[in-house]
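Data first, discussion second: the structure below is written as structure tokens.
Note on naming: letters A, B, ... go to the chains in the order of the sequence lines (proteins, then strands), and numbering restarts at 1 for each one.
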Amino acid sequence: MQTPMSLNPAQQAAVDHRGGPLLVLAGAGTGKTRVITHRVAALLDEGVPPWRILAVTFTNKAAKEMRERIDVLCEGRHETKELWVGTFHSICARILRRNPEGVGLSSHYAIYDTSDQRSLMKQVLADLGVPDRLYTPKGVLGHIDRAKNQGLRPSEMDALQILEPVATVVRNAYTRYQDKLKAADACDFGDLILHVVTLLRNAVKPSDSQLGDLDPMVRMTTRFTHVVVDEFQDTNPVQAEFVDRISRNAELCVVGDDDQSIYGWRGADVDQILRFADRHDGAEVVRLEQNYRSTMNILECSDAVIRKNAGRLGKKLWSDLGQGDPVQLVRLGDERDEGRLIAQDIYAAIENGTDPEEIAVFYRTHAMSRVLEDEVRRMGLSCRIVGGVAFYERQEVKDTLAYLSVLRNSSSDAHVSRIINRPARGIGNTTQTRLADAAAKDGKSLWEALLDPEAAGLKKAAARKVRAFVTMMQNLRDEMHELPLDELLARVVEVSGYREMLVSDDSEEAQARLENLQELQGNVMEFLQERPDGTLDEYLELVSLVGGERSEGDATRAINLMTVHSAKGLEFERVYVTGMEERVFPHARVLDDPVQMEEERRLAYVALTRAKRHLTLTMAARRRIYGQTQVGTPSRFLGDLPRECIHRVGDEPAYGGHGGGYGRRSAHRPQPTRKQAESWQNDIEYDVDPDIPFDDIPTDEPEGVPIYVGMLVRTRTFGDAEVIGWSGSGTKMKLQLRLSNREVKTVLASFVEPL
DNA sequence: ACATGTTCCCTTTTT
DNA sequence: GGGAACATGT
């Protein structure tokens, strides 16, 4: 282990480099964050004012950690509070707050989350009269998101090369969506960056002009003299443009690892790193290859997986932490067994003194978390789900925040309609629809329509209820200015009847919701403690940006459950990677796309390299997906692992390779031996079936014909085809086929016969 | 208006 | 298996 203060020569070189752009190409566990923190500390020691330094991280959690580490290194010598440290989104929100009018927003603008976006888009599509089966809000928003990630506005969307007629629909929807956002005095996540980039684009003025010096955005482009960006491989084009513009006057240092680029679907561009030298004249490159995190067995396995990718810069990590334990590879009967085995193994490890916080379980998709959580809890262990349904996503929390948001700024229809009938106050669907129609007709906001319920054609009873709601909100708004934030929150929960609703419901769920509101209260108080003069605007902004991250403060030491994506940047003594099966990891959706498959491989690399000492990979022979049991074949990534670095439990897996099947080949495999299974955890009774050879796994297949990816079949309607995936079982089993013309079709298994 | 029943689609991954 | 969107009954 490297001590916190020491640096190796390569790290030192990256810290000391001055005078031009620098790219630090650093593998997993080589001390990237350490280089950044030391660099910032060194700059401060050299006399650079803290407010001239900007550090961009990937998550809010990372930002927080970085701040703490810098504080430790500076030992109170500098005003580190004035440093700008944050995610792209939090930094941009901070910049946008200086000039929201520049993009047509008020200073109370709301930040829309995914569900707000969808409800807005649903309206847009209805307005456009677009067939709703063809264009879902989610799908159209996906295109718009992509455009925003590239820094494109509706008129520039040709660059995305979407085919007609989709392109036209998306372009119109995009235009209208932005109009509606502006009317609601809101922006979405993508806008946060693009708005700021727009402001910065317009801020290019002659430097000697008087006017230019006064423009806050012009000052912004020259403010920073030193900019560092972590996780640069996950930067998308708008973010890269932001970096370029914000560092016009600055020395730029970016840190990244092309092998850990796992956000391609969000517009991140692996080439970003490769092109860095082209974009920035005289860029130096420093490589870090000594790993301080993992033992050699773990590194060898990780390397074996990532080595298969083409088009990487290529580096070979080494470590002097010794060979370590072999990587465990366990095959179990189904996902319950998988969870149970992991829970038992963790239990034993904790008994032996491992800190629960140093243990993590990874899964590919959120859907897999439930079973794992179940089994871990059943073992009496406390665990924390990182990400997942975040605190701020909970309905009661969102509702309460929506109340606050409307008090501040009533033009946001999405927030008004969220709270108008929660708790139920007799303003039902019909009334709401009438009000919305009336608002749309007059081009008013929903709130404005509420002010004059008769004009919307409401009957007396309905109008009275609407009035009562409006009066209540107006009273709250009067109180708002006199009350501190925490008391305001309590008033809202009380006056709105929300508390009453939960108290009178004595279900366990309502109880939990009440507790969540209590936690929210605590959260607000914490916020006020940190920033005594913090405003409602600032609080709401913080909350929408922190979004995915759980609230800190649960002091219990718990083991960590998370998706592989959430695991990036973290490290643990003991790591379990679950679902190492084809169609789970790698995910079924990437199987026929080589580009996405490479990203999947990088994702696997990220997963494996999180482990310091103990790494266990598990797979299940059967797994329930969509409530149907599916039969799994071992992940192709398992087949890449060097034999001498792993220890298998259960019988020898049928290694994937390309289109690796189960069934036929399994006949040649040696039979499993009890001994292997027992040697691993002989003091623990676990209820697994390591002896089930894959052939004997019960399936509901009609004639027991083994189906495997790559299998050739004959269909009556489409001719011969290759199986690239399947779902369901028994008579409901469906096959995904690639036809001879490379088209992909899904057909019922009973319509095909093996070739 | 609301409570209860029914169907359908779904699942990558997140700031 | 489960949540959301629709449908039907009181």
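In this structure, A:E600 reaches neither bases nor backbone, as no heavy-atom distance under 4.0 Å exists between it and the strands shown. In this structure, A:F88 reaches neither bases nor backbone, as no heavy-atom distance under 4.0 Å exists between it and the strands shown. Note on A:T430: only backbone sugar-phosphate atoms sit closer than 4.0 angstrom, heavy atoms only; bases stay farther off. Residue contacts shown for A:K568 are absent, as no nucleic acid heavy atom lies under 4.0 Å away. The residue A:G428 sits close only to the backbone: its heavy atoms come under 4.0 Å of sugar-phosphate atoms, none of a base.
Between A:I385 atom CD1 and B:dT14 atom P the separation is 13 Å, expressed in whole Å. A:R118 places its CZ atom 13 Å from the C1' atom of B:dC9, with the value rounded to the nearest Å. Between the CZ atom of A:R624 and the P atom of B:dC10 there is a distance of 20 Å, rounded to whole Å. Rounded to whole Å, atom P of B:dT15 lies 18 Å from atom CG of A:D191. Per the geometry, OH belonging to A:Y263 stands 5 Å off C1' belonging to B:dT14, to the nearest Å. Across the protein-nucleic acid pair, A:L545 atom CG and B:dT14 atom C1' stand 13 Å apart, rounded to whole Å. One can place CE of A:M501 at 13 Å from P of B:dC2, the figure rounded to the nearest angstrom. Per the geometry, CD belonging to A:Q117 stands 11 Å off C1' belonging to B:dT15, to the nearest Å.
A perpendicular orientation is assigned to the rings of A:F224 and A:W84, their planes being inclined by more than 60° (bins at 30° and 60°). Classification of the A:H565-A:W265 ring pair by plane angle, with boundaries at 30° and 60°, yields perpendicular.
Taking the salt bridge (Lys or Arg N to Asp or Glu O under 4.0 Å) definition, one finds that A:D188 meets it with A:K148, sequence neighbours left out. Residues passing the side-chain contact (heavy atoms from CB on, under 4.5 Å) test with A:R513 are A:Q395, A:E396, A:L502, A:E509, sequence neighbours excluded.
Look at A:H366 and you'll find a side-chain N or O under 4.0 angstrom from OP1 or OP2 of B:dT14. The shortest distance between the side-chain N/O atoms of A:T59 and the OP1/OP2 oxygens of B:dT14 is not below 4.0 Å. A sub-4.0 Å separation between OP1 or OP2 of B:dT13 and a side-chain N or O of A:S566 is absent. Between A:T431 and B:dA1, a side-chain N or O to OP1/OP2 separation shorter than 4.0 Å is present. Residue A:N421 has a polar side-chain atom (N or O) positioned under 4.0 Å from OP1 or OP2 of B:dC2.
Looking at A:T618 and A:E338, their side chains do bring a donor and an acceptor atom within 3.5 Å of each other. Donor-acceptor pairing under 3.5 Å is lacking for the side chains of A:Y498 and A:R422.
Taking 3.5 Å as the limit, the base of B:dT13 and the side chain of A:R266 contain no donor-acceptor pair of atoms between them.
A:R370 CZ: 12 or fewer foreign heavy atoms inside a 6.0 Å radius.
When distances are taken from the side chain of A:W265 to each of B:dT14, B:dT11, B:dA1, the shortest belongs to B:dT14. When each of B:dT14, B:dT11, B:dT15 is scored by its nearest atom to the side-chain atoms of A:H89, the top-ranked nucleotide is B:dT15. Out of B:dT15, B:dC2, B:dC10, the shortest distance to the side chain of A:A424 is found at B:dC2. Listed nucleotides: B:dT13, B:dA1, B:dT15. Nearest to the side chain of A:F189: B:dT15.
Cation-pi geometry between A:R602 and A:Y605 is not met at under 6.0 angstrom from the ring centre and within 45 degrees of the axis. A:K398 forms no cation-pi arrangement with A:Y392, by the criterion of a distance under 6.0 Å to the ring centre and an angle within 45° of the ring axis.
Annotation: of the two residues near DNA chain B, A:S90 and A:I427, the 5′-most nearest-nucleotide partner is A:I427. The residue among A:G426 and A:I625 whose nearest nucleotide of DNA chain B is located toward the 5' end is A:G426.
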Problem set entry | Protein-to-nucleotide contact annotation, 5' to 3' order, nucleotides 2-10 of chain C [B base; S sugar-phosphate only; - none; under 4.0 Å, heavy atom] | S--------
